[in-house]
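Everything below concerns the one structure shown next.
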Amino acid sequence: MKKLLAFSFVAVLTAGLVFAQTSSLTDPNPEMIGADSAMQALREVSIDKFEREGSWNVHISPDYGVITGRLFDGNPAMKEPLPEDEGKEDEDTQVLGVRVDFFRRGINSFTIKAGRPLPIEGTVKTISMWVCGRNQDHELYALVQDYFGSNFELYMGSLGFSGWKKLTCVVPPSPDGEHGIVQSSVYYGDKPGLRIVGFRVDCNPMQARGQYYVYFDDLRAVTDLYDMENHDEDDMSDNW
């Protein structure tokens, strides 16, 4: 009986170690999101590095406070460059900073929107961005448009932390190609994709007072480019 119990304990411990090494409870696995086929070509792509002044606009209701956005020199120390960006670190030296001066505490929010929607080719699985928070429990949402131009918001996480942290959200697949976030359609063309409109911060009403600072850098996405990479060269494009 003792040998059986000892063997069971070892088996459970081994399984736990294997699980800890092969999965993470905090990072979504793009390969398991809507994976109904083995035909996938997942790529992590850069959407924006926040290097161009004036490409992002910030807004808050004038009843809630005053908001300012500008670029600053800086970079998350733990950020790893994409393979195509190795050796180009001198081209990625700035981050977007946002400062909010609240008039009073209350239920409010502010937005950070791109000058124009940022398209992502393929079927997007996850969206990630580095955020430098100030340990206040505000909540960050990604604002996206799907294939048909419908607007959606995706929860990225709480800003209740200090320093830089990579926040990631999952883009849920459409259950039937007509409802939810639709990224492709066999009836209206052959180029799937998603567009990022911007981000919204919903403020904790008890902490929305005084001044608040937050910084953003390195907006990326993991997308499935299988259909685009395996498109036959002699096949016409349905874009006329």
Side-chain angles (χ1 to χ4, degrees), residues 17 19-33 42-58 67-101 110-115 118 120 124-144 154-171 196-204 207-208 210-223:
L17 291 175
F19 177 81
Q21 293 175 355
T22 59
S23 65
S24 172
L25 298 179
T26 58
D27 296 331
N29 184 356
E31 296 182 359
M32 300 304 297
I33 301 171
L42 299 179
R43 303 287 185 272
E44 186 175 23
V45 297
S46 175
I47 307 304
D48 194 85
K49 298 178 181 178
F50 299 96
E51 296 292 313
R52 296 171 296 173
E53 193 73 61
S55 58
W56 291 85
N57 304 313
V58 294
I67 190 170
T68 305
R70 51 163 290 194
L71 297 182
F72 289 88
D73 291 335
N75 234 332
M78 295 180 291
K79 182 179 67 175
E80 296 182 0
L82 294 173
E84 59 267 24
D85 292 332
E86 292 184 359
K88 301 179 181 179
E89 288 76 12
D90 56 340
E91 300 178 7
D92 183 12
T93 60
Q94 294 185 309
V95 302
L96 175 66
V98 178
R99 167 181 165 174
V100 180
D101 293 88
F110 60 90
T111 59
I112 306 98
K113 291 189 175 181
L118 304 174
I120 311 174
V124 182
K125 302 294 185 177
T126 64
I127 298 172
S128 65
M129 182 171 60
W130 282 90
V131 183
C132 184
R134 286 296 180 260
N135 203 25
Q136 296 188 23
D137 294 325
H138 308 316
E139 296 183 331
L140 179 67
Y141 291 83
L143 308 177
V144 301
L154 301 172
Y155 180 69
M156 296 199 71
S158 170
L159 300 179
F161 57 86
S162 298
W164 287 101
K165 182 178 180 181
K166 185 179 181 180
L167 298 182
T168 304
C169 67
V170 170
V171 181
I196 296 180
V197 177
F199 302 90
R200 189 185 74 240
V201 176
D202 289 347
C203 302
N204 184 315
Q207 297 180 342
Q211 297 176 340
Y212 177 66
Y213 298 87
V214 62
Y215 302 87
F216 305 95
D217 192 35
D218 201 29
L219 176 59
R220 298 184 184 182
V222 174
T223 181

So, taking the atom named CD in Q211 and the one named CZ in R134, what distance separates them when rounded to the nearest 0.5 Å? 12.0 Å
Q136 vs N204, test: side-chain contact (heavy atoms from CB on, under 4.5 Å). Steps then yes/no. CA-CA 8 Å; Q136 296 188 23; N204 184 315; over 6 Å; no
Smallest separation among heavy atoms of L140 and M129, with atom names: CD2-CE, 4.0 Å
Could you tell me whether W130 and F216 have their ring centroids closer than 6.0 angstrom? no
If only atom types and distance count, is the side chain of Q207 paired as donor or acceptor with the main-chain N or O of D137 below 3.5 Å? yes
Taking the side chain as every heavy atom from C-beta outward, state whether V197 and L118 have any pair of such atoms under 4.5 Å apart. no
Would you indicate whether the side-chain heavy atoms of L82 and E44 approach each other to under 4.5 Å? yes
Short N-O contact, D217 and K49, less than 4.0 angstrom: no
The single option from Y141, W56, F110 passing side-chain contact (heavy atoms from CB on, under 4.5 Å) against F199: W56
Closest heavy-atom pair, T168 versus S128, reported as atoms and distance to 0.1 Å, is OG1-CB, 3.5 Å
Find out whether the Lys NZ or Arg CZ of R52 is both under 6.0 angstrom from the six-membered ring centre of F50 and within 45° of the ring's axis. no
Stepwise, does the side-chain contact (heavy atoms from CB on, under 4.5 Å) test hold for I112 with V98? CA-CA 9 Å; I112 306 98; V98 178; 4.1 Å; yes
To the closest 0.5 Å, what do you measure between CG (N135) and OG (S158)? 8.5 Å
Is the closest basic N to carboxylate O distance between R220 and D48 below 4.0 Å? no
Grab the two heavy atoms, one from L154 and one from C169, that are nearest each other, plus how far apart they are. CB-SG, 3.9 Å
Flag yes if more than 12 heavy atoms outside E80 fall under 6.0 Å of its CD atom; otherwise flag no. no
Output for pair (D73 CG, Q94 CD), nearest 0.5 Å, gives 5.5 Å
State, with a plain yes or no, whether a side-chain heavy atom of I120 is found less than 4.5 Å away from one of I196. yes
Rounded to the nearest 0.5 Å, what's the gap from CG on D92 to NZ on K79? Could you check? 3.5 Å
Least distance between heavy atoms, T223 atom then V45 atom: CG2-CG2, 4.1 Å
Closest approach of T126 to V124 (non-hydrogen atoms, all atoms of both residues): O-CG1, 3.7 Å
Distance in Å, R43 CZ paired with K125 NZ, rounded so as to fall on 0.5 Å steps: 13.5 Å
Does any non-hydrogen side-chain atom of L159 lie less than 4.5 Å from one of Y212? yes
Determine the minimum heavy-atom distance between G115 and N57, stating which atoms define it. CA-ND2, 4.0 Å
Could you tell me whether the side chain of E139 and the main chain of G157 form a donor-acceptor pair under 3.5 Å? no
Are any of the side-chain heavy atoms of Y155 and D202 separated by less than 4.5 Å? no
For a 4.5 angstrom cut-off between non-hydrogen side-chain atoms, does T68 reach V58? no
Going by heavy atoms in the side chains, are L143 and K113 under 4.5 Å from each other? yes
